[in-house]
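Count residues from 1 along the sequence.
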Amino acid sequence: MTPAEPTVLMDGADVRRAIDRMAHEVLEKLGGTGRLVLIGVQRRGVDLADMIGESIRAAEGTQVPTGTLDITFYRDDLMALGPRPLVGETKLPPGGVDDRAVVLVDDVLYTGRTARAALNELMDWGRPARIVLCVLVDRGDRELPIQPDIVGREFPVLPNQRIDVLVPRLDEELAVVLSGLERR
């Protein structure tokens with residue numbers, strides 16, 4: 001098998017439209033911005049949470065507090081990461097998460113294990129009134145019974161394929177791409 005050329009599933013304009021729609025769904029589901037916080041899962045979920053926050057600010061004129069969550073030490077495959085895993089920052093918004101509506105933002109939902117780890121860590125920081133899982137891409141094929149509340153797009157793909165969300169801060173572009181193996 002040889003690697004196939006990556007296929008662009010969503011370009012920057014597609015991602016921005018999905019982000020705007022997701023921001024409106026957050027507002028509808030949670031009844032506005034009162035007690036709302038956005039928490040991005042490191043790494044690319046942080047950028048997506050910031051973009052959703054900016055879209056909410058543009059629509060409502062209100063800045064929603066944001067934070068970051070690094071789940072490295074909550075993963076169930078930590079030993080597989082090696083002796084020096086890449087650890088990011090967990091930084092909660094001012095006032096924490098107690099009694100707040102938390103929108104947990106991630107880039108791709110696949111097995112559900114990242115979302116489970118994020119929920120476990122979030123609960124160690126406090127007791128939110130409500131948690132909403134928001135993902136840009138749902139690729140299906142869960143290993144755990146976890147489903148997103150808000151989804152940008154669904155792309156069911158084969159197990160040997162990979163979906164990556166690219167963000168300008170890390171990848172110098174905004175897109176969603178599909179890569180994987182093909183027979184030659």
Review point. Does any non-hydrogen side-chain atom of Asp138 lie less than 4.5 Å from one of Val108?
Key: no
**Study point:** Thr111 side chain near Arg142 side chain, heavy-atom distance below 4.5 Å
**Key:** no
Exercise for review: Might you point out which heavy atoms bring Val46 and Gln42 nearest each other, and give the distance in Å?
Suggested key: CG2-OE1, 3.7 Å
Review point. Does a sphere of radius 6.0 Å around CD in Glu172 hold more than 12 heavy atoms from other residues, nucleotides or ligands, not counting ones at 6.0 Å or beyond?
Key: no
Point to revise | Glu121 side chain to Thr90 side chain, donor-acceptor N/O pair below 3.5 angstrom | key: yes
Identify each donor-acceptor pair in which a side-chain atom of residues 61-68 lies under 3.5 Å from a protein atom, sequence neighbours left out, and give them as a table.
| unit_1 | atom_1 | unit_2 | atom_2 | d |
| --- | --- | --- | --- | --- |
| Thr68 | OG1 | Glu89 | O | 2.8 |
| Thr68 | OG1 | Lys91 | N | 3.1 |

Exercise for review: Find the distance between CD1 (Ile163) and CG (Asp107) and round it off to the nearest 0.5 Å.
Suggested key: 10.0 Å
Review point. Same cluster for Leu69 and Phe73 if Ile/Leu/Val/Met/Phe/Trp/Tyr side chains link at under 4.5 Å?
Key: no
**Study point:** Partners meeting salt bridge (Lys or Arg N to Asp or Glu O under 4.0 Å) with Asp50 (sequence neighbours left out)
**Key:** none
Review point. Are there more than 12 heavy atoms of other residues, nucleotides or ligands under 6.0 Å from atom CZ of Arg169?
Key: yes
Exercise for review: Provide the closest heavy-atom pair for Ile71 versus Ala118 in the form atom of the first, atom of the second, distance.
Suggested key: CG2-CA, 3.5 Å
Exercise for review: For the residue pair Asp124 and Tyr74, establish whether any side-chain heavy-atom pair is separated by less than 4.5 Å.
Suggested key: yes
Review point. Is a side-chain N or O of Asp98 found less than 3.5 angstrom from the main chain of Arg127, in a donor-acceptor match?
Key: yes
Can you list, pair by pair, the side-chain donor-acceptor contacts under 3.5 Å of residues 99-106, counting residues two or more places apart and other chains?
| unit_1 | atom_1 | unit_2 | atom_2 | d |
| --- | --- | --- | --- | --- |
| Arg100 | NH1 | Pro94 | O | 2.8 |
| Arg100 | NH1 | Gly96 | O | 3.1 |

Check your understanding: Can you name the closest pair of heavy atoms from Ile146 and Gly112 and give their distance?
Key -> CD1-O, 3.3 Å
Point to revise | Rounded distance [0.5 Å steps], OG1 in Thr7 versus CZ in Phe155 | key: 11.0 Å
**Study point:** Atom of Val165, atom of Arg44 and distance for their closest heavy-atom approach
**Key:** O-CD, 2.8 Å
Practice item. Report whether Val137 and Leu38 are members of the same hydrophobic cluster (ILVMFWY, side-chain heavy atoms less than 4.5 Å apart, transitive linking). Key: yes
Exercise for review: For the pair Asp14 and Arg153, find out whether any cationic side-chain nitrogen is under 4.0 Å from an anionic carboxylate oxygen.
Suggested key: no
Point to revise | Donor-acceptor under 3.5 Å (Asp171 side chain, Glu173 main chain) | key: no
Practice item. State which residues pass salt bridge (Lys or Arg N to Asp or Glu O under 4.0 Å) with Arg57; sequence neighbours excluded, sorted by chain then number. Key: Glu54
Check your understanding: Residues sharing Leu166's hydrophobic cluster, by side-chain heavy-atom contacts under 4.5 Å among ILVMFWY, directly or via others?
Key -> Val8, Val177
Exercise for review: Please check if Val167 and Leu109 belong to a single hydrophobic cluster, counting links between Ile, Leu, Val, Met, Phe, Trp and Tyr side chain heavy atoms closer than 4.5 Å.
Suggested key: no
Review point. Looking at side-chain heavy atoms only, is the closest gap between Arg130 and Lys29 below 4.5 Å?
Key: yes
Practice item. Check the hydrophobic clustering (I, L, V, M, F, W, Y; side-chain heavy atoms under 4.5 Å; chains of links allowed) and say if Met10 and Val135 are grouped together. Key: no
Point to revise | Test item: Asp149 side-chain N/O and Leu133 main-chain N/O as donor-acceptor pair under 3.5 Å | key: yes
Check your understanding: Would Ile150 end up clustered with Leu30 when hydrophobic side chains under 4.5 Å apart are linked, directly or stepwise?
Key -> yes
Review point. Is Arg17 close to Val15 at the side-chain level, that is, under 4.5 Å between some pair of heavy atoms?
Key: no
Check your understanding: Do you know the tightest heavy-atom contact between Ala18 and Leu136?
Key -> CB-CD1, 4.0 Å
Pairs under 3.5 angstrom only: tabulate donor-acceptor contacts from the side chains of residues 20-28 to other protein residues two or more places apart or in another chain.
| unit_1 | atom_1 | unit_2 | atom_2 | d |
| --- | --- | --- | --- | --- |
| Asp20 | OD1 | Ser55 | OG | 2.8 |
| Arg21 | NH1 | Glu25 | OE2 | 2.7 |
| Arg21 | NH1 | Val151 | O | 3.2 |
| Arg21 | NH2 | Gly152 | O | 2.3 |
| His24 | ND1 | Asp20 | O | 2.8 |

Point to revise | Within-4.5 Å side-chain heavy-atom neighbours: Leu122 and Val97 | key: yes
Review point. Do Arg139's NZ or CZ and the ring of Tyr110 fall within the cation-pi criteria of under 6.0 Å and 45°?
Key: yes
